Amino acid sequence: MDKKRSSFSGKLGFILAAAGSAVGLGNLWRFPYLAAKYGGGIFLLVYLILAVTFGFTLMIAEVAIGRKTGLSAIGAFRKLNRKYSFIGYLASLVPIIILPYYSVIGGWVVKYFSAFLSGQTSAAAQDSYFTSFIGTSTEPVLCLVIFILITAVVVFLGVEKGIEQVSKTLMPILVILTVGIAIYSITLPGAIDGLIYYVKPNLKQFSLTTVVAAMGQLFYSMSLAMGIMITYGSYMKKEVNLEQSVTQIEVFDTGIAFFAGMMIVPAVFVFNGGDGAAINAGPGLMFVTLPKVFDSMPFGTVIGTLFFLLVLFAALTSSISLMETIVSIVQDMLHWSRRLSTIIVTLFSVAVALPSSLGFGKWSGIQPLGMSFLDFFDFISNSILMPVVALLTCLFIGYVVKPKAVIEEVRLNSRFKREKLFRIMIKYIAPVCIIIILVSSILNALGIITI
């Protein structure tokens, strides 16, 4: 058992680690195609407004809960009010479900990075390359195991020596690569049309679905309602300015998403003429469309290698936060050492990841609720559990322990500049927003509406 709880060395360590958690595959492929699908500039505007209100409120609440209690999700809710510890259990289920299937996608990134690194650019650009790869059994499983093992090594090393040091190295590199490829992308002949579409708001394309899509992306992008920010908050020193740190994480996360869109949307306009099927391809945008883009570029192999290295960094910083949250829960509940907890969590994650990987191959005939295993786990975690946990968290802070519990924690070493906004959002506006997300997600999954 660890006698003293680990902590980040200071403000920078916390910000980079938390930002690393928030910046993941959702920023690099989900944000660009949602922005393109829902009107480009108008989506960006709505997303930005929600980030400084809805996103800020939920994140500061979770980080404050973690720092106030010095515990991960289950212990934190129990300490604040024993009757509501069930919220912590629900929050803890989210990373337990997400990490295995997220690692399957991380394994796909490992495969594409190795393909570009070994000069197989033209092969990776073929339509059948992606489906042929995920349809096999051995190689996708091997790639997901590699991805999980890299994640486990960092978590094994601990908070300051592992997570903080890796985040301090990877996050600045990720920023440089994202900005660099984005600048290259917008200098391509014909890219200006894609750039204008991406950044210029068109009010005619505004709709309720635009708001719901932006809200959902923000919700998932910032690692909210997973217990992650509570866990990271528990490692945060009391002298660190909490409000300022959360604001900087938001800026970091939104900035990466913005440049990812600038990197991808204009490039797809160049090579596909802004074709709707290409821009709305979801995962295919990264694994099918973009390799074609790189194959058509001068120095495409080098650029493609850098891009998938960037994606691998982003995927790893998120998977590290997911595994760290689970390890922290195991440590708090069973009082095991970090090393034993990490080993057990790693073995569990590999075992649970197998259905999501084999679900595109040998086990493709097994479809719970008519979905592949990966889509099923994604639906349960993202569309059901996360909105429920976020709603319960808002109601818990707003009406059980009261906003004062968070406000006091924020005020420990600074004035809470957005205190009034926080009070109104946590009690009234955020719960309504989350209910809209929850209902919309379920209706979308049932095919009643399309988001």
Side-chain angles (χ1 to χ4, degrees), residues 4-15 17-19 21-22 51-92 159 222-251 325 328-329 332 389-434:
K4 184 180 178 183
R5 191 167 187 80
S6 303
S7 66
F8 293 114
S9 63
K11 180 180 174 182
L12 180 63
F14 168 75
I15 290 171
S21 168
V52 299
T53 54
F54 175 72
F56 169 80
T57 299
L58 288 176
M59 186 177 286
I60 205 160
E62 292 194 11
V63 175
I65 288 173
R67 191 172 76 170
K68 189 178 188 72
T69 60
L71 296 166
S72 54
I74 295 172
F77 282 101
R78 183 190 290 127
K79 187 172 182 178
L80 291 173
N81 191 311
R82 185 168 288 274
K83 291 181 181 178
Y84 293 87
S85 59
F86 71 93
I87 302 175
Y89 283 98
L90 285 175
S92 300
V159 175
M222 290 189 172
S223 296
L224 302 171
M226 304 182 196
I228 290 175
M229 289 303 164
I230 295 176
T231 300
Y232 277 21
S234 73
Y235 301 144
M236 187 183 194
K237 293 182 177 179
K238 292 288 187 180
E239 60 266 25
V240 174
N241 186 313
L242 202 154
E243 182 180 10
Q244 191 179 77
S245 297
V246 168
T247 300
Q248 289 168 342
I249 293 165
E250 283 190 299
V251 170
T325 300
S328 178
I329 291 164
D332 287 348
V389 170
L391 177 62
L392 291 172
T393 301
C394 286
L395 296 177
F396 177 73
I397 298 295
Y399 300 96
V400 179
V401 298
K402 310 295 184 185
K404 185 180 178 183
V406 169
I407 292 167
E408 286 176 347
E409 186 65 26
V410 178
R411 283 179 174 174
L412 280 181
N413 50 29
S414 65
R415 186 170 66 89
F416 192 175
K417 296 177 183 178
R418 286 189 270 179
E419 181 181 330
K420 289 182 179 178
L421 170 69
F422 174 77
R423 286 182 182 275
I424 295 170
M425 287 294 298
I426 201 76
K427 294 187 73 172
Y428 308 111
I429 301 175
V432 173
C433 291
I434 295 164

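Everything numeric in this text was worked out from a predicted model, so none of it was measured.
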Chi angles and distances behind the side-chain contact (heavy atoms from CB on, under 4.5 Å) call for Leu58, Met222 = CA-CA 9 Å; Leu58 288 176; Met222 290 189 172; over 6 Å; no

task = Would you give the length of the straight line joining atom OG1 of Thr57 to atom CG of Leu421, rounded to the nearest 0.5 angstrom?
result = 5.0 Å

key: Approximate separation, where rounding is to 0.5 Å, of Ile426 CD1 and Phe396 CZ   = 11.0 Å

task = Check step by step if side-chain contact (heavy atoms from CB on, under 4.5 Å) holds for Val63 and Tyr232.
result = CA-CA 7 Å; Val63 175; Tyr232 277 21; over 6 Å; no

inquiry  = Quick check: closest heavy atoms across Val406 and Ala64, and the distance to 0.1 Å?
reply    = CG1-CB, 3.7 Å

ask   = Backbone N or O of Val240 within a donor-acceptor pair of the Arg67 side chain at under 3.5 Å?
value = yes

request  = To the nearest 0.5 Å, tell me how far Leu392 CG sits from Tyr84 OH.
outcome  = 10.0 Å

request  = Measure the CZ-OH distance between Arg78 and Tyr89 for me, rounded to the nearest 0.5 Å.
outcome  = 4.5 Å

request  = Give a yes or no on whether the backbone of Glu409 and the side-chain of Lys68 come within a donor-acceptor separation of less than 3.5 Å.
outcome  = no

inquiry  = Applying the side chain to side chain contact (heavy atoms under 4.5 Å, CB included) criterion to Asp332, which one of Ser234, Ser92, Ser72 satisfies it?
reply    = Ser72

key: side-chain contact (heavy atoms from CB on, under 4.5 Å) evaluation trace for Ile397 with Ile65   = CA-CA 9 Å; Ile397 298 295; Ile65 288 173; 3.6 Å; yes

request  = Taking atom CZ of Phe416 as the centre, report whether more than 12 heavy atoms of other residues, nucleotides or ligands fall under 6.0 Å from it.
outcome  = yes

message = Please find the pair of heavy atoms, one from Ala76 and one from Ile230, that lie closest to each other, and give the distance.
response = CB-CG2, 3.9 Å

task = Using the side-chain contact (heavy atoms from CB on, under 4.5 Å) rule, take Ile429 and Thr53 through it: C-alpha gap first, then chi angles, then the decisive distance, then the call.
result = CA-CA 9 Å; Ile429 301 175; Thr53 54; over 6 Å; no

query = Is it true that a side-chain atom of Glu239 and a backbone atom of Asn413 form a donor plus acceptor pair closer than 3.5 Å?
reply = no

inquiry  = Using a 3.5 Å distance criterion without hydrogens, assess whether the side chain of Arg418 forms a donor-acceptor pair with backbone atoms of Val52.
reply    = yes

Shortest non-hydrogen contact between Gly398 and Pro403, atoms and distance = O-CD, 3.6 Å

request  = Rounded to the nearest 0.5 Å, what's the gap from CD1 on Ile87 to CD1 on Ile74? Could you check?
outcome  = 12.5 Å

request  = Could you pull out the closest heavy-atom pair between Gly55 and Leu224, with the gap in Å?
outcome  = O-CD1, 4.3 Å

remark   = Cys394 and Ile434 have their tightest heavy-atom pair at SG-CD1, 3.8 Å

inquiry  = Please report the interatomic distance CD(Glu419) to CZ(Phe422), rounded to the nearest 0.5 Å.
reply    = 9.0 Å

remark   = Of all heavy-atom pairs linking Ser245 and Asn241, the shortest is OG-O, 2.7 Å

message = Check this for me: does any side-chain nitrogen of one of Lys417 and Glu243 sit under 4.0 Å from a carboxylate oxygen of the other?
response = no

Note, Thr393 side chain near Phe77 side chain (heavy atom, < 4.5 Å) = yes

